[in-house]
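Following: one structure in structure tokens, then a few remarks.
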Amino acid sequence: MKKLMLGNEAVARGAYEAGVSVVSSYPGTPSTEITENIVKYEDIYVEWAPNEKVAAEVAVGASAGGARAMTCMKHVGLNVMADPVFTSSYRGVNGGLVYCVADDPGMHSSQNEQDSRHYAEAAKIMMLEPSDSMECRDFTKLAYELSEQYDTPVFMRLSTRVSHSQSLVDEQERMAYKLKDYVKNTAKNVMTPANAIKRHVVVEERMRALKDFAETADINSVEDNGSKIGIITAGIAYMYAKEALGNKVNFLKLGMVYPMPDKLIVEFASKCDKIYIIEELDPFIENHCKTIGVDVVGKEVFTLLGEYTPAMIKKAVLDEDSPEFDVIDENVPVRPPVMCAGCPHRGTYYVLKKLGLNVMGDIGCYTLGAAPPLDSMDTNLCMGAAIGEAHGISKACGNDFAKKTVSVIGDSTFIHSGITGLINMVYNKGINTVLILDNSITGMTGHQDNPTTGYTIRKEETKQVNLIALCKSIGIEHVVVADPFDVKGFEKTVKEETEREEVSVIIAQRPCALLPNMRKTYTGHCVITDKCKKCKMCMRLGCPAISCDGETVRIDMSQCNSCGLCINVCPFDAIEKED
């Protein structure tokens, strides 16, 4: 039966059909929906891990036990799991092992445009790259066959447009995969230097075998249209090029982007007068072609930045103009991303800005605290960095600076990679205040549970991490829970904690406004009464429900959810709740 599927959904289907039985991931757009769709299949054990490194280790362990296993992450998540990934290349597999990594050209939801193909080359792990949903399903199944045939983990590289675009997928039955026997093998699985140096020999032999396989693999295909112009491409760039150029050029479509088929590339190029390399982000294919002596045109006509379009490709290759997009007559208003109405982080940032504090930020929806009018986040680097950065800048600038410096980090991000930073701060006698923004969910990626919520990915009750006990267990004596919507009380708490000569933690605790139980709590809307003095204090909150037309402030009833923060901020009691 054929079904319309997202690329991520198709990867999940491929994993199911391939007989996968263990999946561990950490949510990260654009990869999140792979794991969320795997939850639909009861035959597969699936979990959210605290971070990507742990997820990789779980998958490697399941593979060692003879199961087919998978872990999924976004491109920056691959940085977090790099340590086990590189060594897993030396160890190889027992059951098939696939790492699904989703890159984000254009940075739709990421802090950089990292190209994950470099990891495949550096770790010496084969990488497949599908271009549509059907290939997502097919390549996933093929990845497990190749993983076991060549005793190697396999990368599946997706991108935002492949992950989040839909096309037809032909559903098939799940294979009856028999769990392989676990065999104790110290030489293969214990990576001491003496063992690892021997396994490196195996890896190099494997790479030679994979290069031979690449030359004849069906997923590396030539489309000969009798043209003297050749295009070498892969993934979503192939779809753009096909739309732009049609049958006017020849195509070498690489489904396997590492290792690449040298003989096939040279043979393809020999039949064309000019070869273009079309690939988003880095010149990965281009550099390889030049290394093996093939003269190609690449980044001198194509950008290193962002996503490509068919119009861009058509202009570069055929020198033909076409409209980039369908343009409508009406002007569309600019809609910058903002925190939702009722977002619990808004009260936190209002207070931090009011107090003029230096705020070291982190990754999450609360990163939007950097935008006007809240404008109260100074730095943002990577998951968990807020605590380490605050400690470092304070050690550099002194105690007076430290007392005016705080970290903000979400509950899920704290579990992911903030705990070790906090231990470091305590151990090395920091005096910063850390605010854990506990909104009871992993909000940025779409409301996934995490170890602080007390529920698994399947909504089964489990042990819940106690943030207070955790912080106290590493030596922090002052741990305070405060409601950021109690503006006066929260401000008092922040003032008290930032004056301390030691590390303190404030748990800013209020659930995400979009959680089902909060939708029942927040009913009605707020209204501005005739007591309004037009001081516009409420405008400083940056709430999307509050707007100003000249001197008149309005609350949009369709957006307001009566969270009441504006009521707590108004100095003239001019805002009231109305059912």
Side-chain angles (χ1 to χ4, degrees), residues 6 8 25-37 39 48-52 54-55 72-81 101-104 106-114 158 160 163-164 335-349 359-371 374 376-377 379-387 407-419 435-453 455 457 465 467 484 507-516 518 542 544:
L6 290 173
N8 283 348
S25 306
Y26 182 83
T29 306
S31 71
T32 307
E33 297 88 357
I34 303 173
T35 308
E36 288 183 330
N37 276 283
V39 174
W48 288 129
N51 62 33
E52 293 88 353
V54 173
C72 312
M73 79 297 310
K74 67 184 294 174
H75 58 295
V76 288
L78 182 52
N79 300 333
V80 179
M81 68 162 58
V101 56
D103 285 3
D104 191 17
M107 294 183 284
H108 298 280
S109 57
S110 307
Q111 66 267 43
N112 66 38
E113 285 188 298
Q114 173 183 312
L158 308 174
T160 299
S163 290
H164 291 165
R335 293 184 175 89
V338 295
M339 288 184 285
C340 306
C343 177
H345 308 319
R346 184 170 282 110
T348 297
Y349 287 124
V359 181
M360 305 296 112
D362 224 296
I363 304 294
C365 28
Y366 51 91
T367 308
L368 292 167
L374 293 168
S376 56
M377 183 183 287
T379 66
N380 175 255
L381 182 64
C382 64
M383 295 284 280
I387 301 174
S407 302
V408 291
I409 185 168
D411 51 341
S412 180
T413 309
F414 178 69
I415 294 295
H416 178 283
S417 48
I419 298 171
L435 283 82
I436 301 175
L437 309 185
D438 182 7
N439 65 347
S440 305
I441 205 71
T442 307
M444 179 176 64
T445 48
H447 285 182
Q448 292 80 28
D449 283 290
N450 64 68
T452 71
T453 68
Y455 294 93
I457 191 173
V465 172
L467 293 174
I507 300 174
Q509 196 170 76
R510 177 171 278 256
C512 172
L514 301 183
L515 291 174
M518 295 306 290

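What you see is a predicted model, and the numbers here were worked out from it, not measured in a lab. All residue numbers in this chain count up from 1 along the given sequence.
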**Request:** Take Val80 and Met73 through the test side-chain contact (heavy atoms from CB on, under 4.5 Å) and record every step on the way to the result.
**Result:** CA-CA 10 Å; Val80 179; Met73 79 297 310; over 6 Å; no
Next on the checklist: With heavy-atom distances below 4.5 Å as the criterion, would you say the side chains of Met377 and Thr367 are in contact?
Outcome noted: yes
Thr442 meets the side chain to side chain donor-acceptor pair (under 3.5 Å) criterion, sequence neighbours left out, with Ser412, Asn450
Those residues at least two apart in sequence (or on a different chain) that pass ring pair (Phe, Tyr, Trp, His ring centres under 6.0 Å) with Tyr366 are His345
Here the gap from Asp103 atom CG to Glu113 atom CD, rounded to the nearest 0.5 Å, amounts to 10.0 Å
Nearest heavy-atom contact between Ile34 and Cys72 is CG2-SG, 3.5 Å
Query raised in the report: Does the side chain of Asp104 reach to within under 4.5 Å of the side chain of Ser109, using non-hydrogen atoms?
Result: yes
The side chain to side chain contact (heavy atoms under 4.5 Å, CB included) partners of Ser376 (sequence neighbours excluded) come to Tyr349, Lys353, Leu374
Sequence neighbours excluded, the answer for side chain to side chain donor-acceptor pair (under 3.5 Å) partners of Gln114 is Asn79
Mind running side-chain contact (heavy atoms from CB on, under 4.5 Å) on Gln448 and Ile457 for me, showing each step along the way? CA-CA 7 Å; Gln448 292 80 28; Ile457 191 173; over 6 Å; no
By salt bridge (charged side-chain N to carboxylate O under 4.0 Å, His left out), Arg346 pairs with (sequence neighbours left out) none
Output for pair (Ile415 CD1, Thr452 OG1), nearest 0.5 Å, gives 6.0 Å
| request: With the side chain counted from C-beta on, respond yes when Glu33 and Ser163 share a heavy-atom pair under 4.5 Å apart, and no when they do not. | output: no
Nearest heavy-atom approach of Pro27 to Thr445 is CB-OG1, 3.5 Å
So CG of Leu467 and CD1 of Ile419: to nearest 0.5 Å the spacing works out to 8.5 Å
Between the CD1 atom in Ile436 and the CG atom in Asp411, the distance rounded to the nearest 0.5 Å is 8.5 Å
In terms of heavy-atom contacts, Pro484 and Pro344 come closest through CG-O, 3.3 Å
**Prompt:** Is a side-chain N or O of Ser407 found less than 3.5 angstrom from the main chain of Ala386, in a donor-acceptor match?
**Reply:** yes
Close side-chain approach of Val338 and Leu368, heavy atoms under 4.5 Å:
no
Exercise for the section: Please check if any side-chain donor atom of Ser25 sits under 3.5 Å from a side-chain acceptor atom of Thr35, or the reverse. Expected result: yes
Those residues at least two apart in sequence (or on a different chain) that pass side chain to side chain contact (heavy atoms under 4.5 Å, CB included) with Ala55 are Ser24, Ala49, Thr71
Residues passing the salt bridge (charged side-chain N to carboxylate O under 4.0 Å, His left out) test with Asp362, sequence neighbours excluded, are none
Residue set satisfying side chain to side chain contact (heavy atoms under 4.5 Å, CB included) with Ser417, at least two apart, ordered chain then number -> Met383
Note: Cys382 and Ile363 closest approach over all heavy atoms is C-CG1, 3.5 Å
Sorted by chain and residue number, the side chain to side chain donor-acceptor pair (under 3.5 Å) partners of Ser31 (sequence neighbours excluded) come out as none
On a heavy-atom basis, the closest approach of Met339 and Pro544 is O-CD, 3.5 Å
Contacts of His75 meeting ring pair (Phe, Tyr, Trp, His ring centres under 6.0 Å) (sequence neighbours excluded), chain-then-number -> none
Interatomic distance, OG1@Thr32 vs CG@Asn37, rounded to 0.5 Å, equals 11.0 Å
Leu6 and His164 have their tightest heavy-atom pair at CD2-O, 3.4 Å
Taken in chain and number order and not counting sequence neighbours, the residues that satisfy side chain to side chain contact (heavy atoms under 4.5 Å, CB included) with Cys512 are Asn439, Ile441, His447, Leu514, Leu515
Original post:
Would you say Lys74's side chain and Thr29's backbone share a donor-acceptor pair under 3.5 angstrom?
Top reply: yes
Those residues at least two apart in sequence (or on a different chain) that pass salt bridge (charged side-chain N to carboxylate O under 4.0 Å, His left out) with Asp449 are Lys459
